[in-house]
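What follows is a set of notes on a single structure, which appears directly below.
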Amino acid sequence: MKGADVLPILSFALSIKKEKILVSLDNEIGDEAARTITTLVREREAGKPLAYITREKEFFSHSFFVDGRVLIPRPETELLVEEALAILEKRNDLRSVMDMGTGSGVVGNTIARLSLRSVLCVDISPGALDVAQKNGRDSGMAERLTFLCSDLMSGIKKGRKFDMIVANLPYVAEHEWDGLMRDVKEYEPASALLGGPDGLDIYRRFVRLLPDHLSEHGFVLIEIGDGQGKKVAELFESSGLNAALKKDLAGKERMVRGSWTDL
Ligand code: GLN
C-alpha cells in the first residue's frame, strides 16, 4: 500500500475533507474511528482498490460515487470525453447523444455537463445503472440524463438514431486477463472488462447495430485496448463506416472514431 493512500482513507473514515486532515492531526480519534481506519487499511493492503474503499473517483475534475458494481473510471477514458466534446462544440447540429456501457455514468454525465446536451445512458447491469443514476442526481445533471437497462441496442426502438454514440464496452481479451493487476481481477466486475477471445466480441455485435442507430451525419467513438486498432478499424469499415484511430498520452491505441460520412 502506498503512503499516499493513507490520507484519503483517513479523510473518508473521519469524514474530514482531505485538505483539512493535516490541521486536524492533533484531534483525538475515537475508538470506533480508529477501528474503522484499521479495517480500511487492511482492506487496502489486501488489494481492494482505494476508490472502492473511499467510494469515490475523480473524473474530469469531478468526484463521482463508485462501488463494486461498476468499473472504476480510468484516466485514459477522459480521451473519449475530450473527443466527444470537441466534436459537439464544432457541430451544433449534433443533438442526441448515447453513452453505451455507461457503468458509473461518468462519460455521459461529463458530456451532458460540458456540452449541455441530453444523454441517454445505457448499460446491461441494473446495479451499474443505480450507480449512474445516483451520480446523475448528486451532480445535478439528472434533468439531462436518461437511463436504460439494455443489452446493447435491444431496448432501443429499431430506427431510433443518435448523432453521437460514445461507448466504453468490455474489450479485455481472455489471454490478457492473467496479466491484469490483482486489484482489478479480484475486485472489479469482470463482466465490465472481458470481451471474449480477442476482446472484441461485444464491439463486433455493437458495430453491426450501428446502421439502425447512428444517424447519417453522426459520430461513434469507442475506447479500445492497445493493439486492437487495426482490427476495430476494419470492423468499422466492413460496416461502411470511415474509421480514424487515436492514441492516448502514453502512446497506446485507445480510441476509434467512426462516421458514415465525414471524419
Ligand atoms: N482499460 C480498462 C482496464 O484497465 C478496460 C476497460 C474496458 O474493458 N472497457 O483494464
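What you see is a predicted model, and the numbers here were worked out from it, not measured in a lab. Counting from 1, the numbers follow the sequence of the chain as shown. Atoms within each ligand, like the ligands themselves, are counted from 1 in listed order.
- Between the side chains of Glu223 and Thr77, a donor-acceptor pair is found at a separation under 3.5 Å.
- In this structure, ligand 1 sits under 4.0 Å from heavy atoms belonging to Leu71, Arg74, Glu76, Asn168, Leu169, Pro170, Tyr171, Val172, Ala192, Leu193, Glu223.
- Looking at His213, its side chain never comes within 3.5 Å of a backbone N or O of Phe162 through a donor-acceptor pair.
- For residues 9-30, the set of pairs meeting the salt bridge (Lys or Arg N to Asp or Glu O under 4.0 Å) definition, not counting sequence neighbours, comprises Lys18-Glu56.
- Side chains of Ser259 and Asn242: a donor-acceptor N/O pair is absent below 3.5 angstrom, by distance only.
- Donor-acceptor pairing under 3.5 Å is recorded for the side chains of Asp163 and Ser215.
- Under the 6.0 Å distance and 45° angle rule, Lys57 does not count as a cation-pi partner of Phe64.
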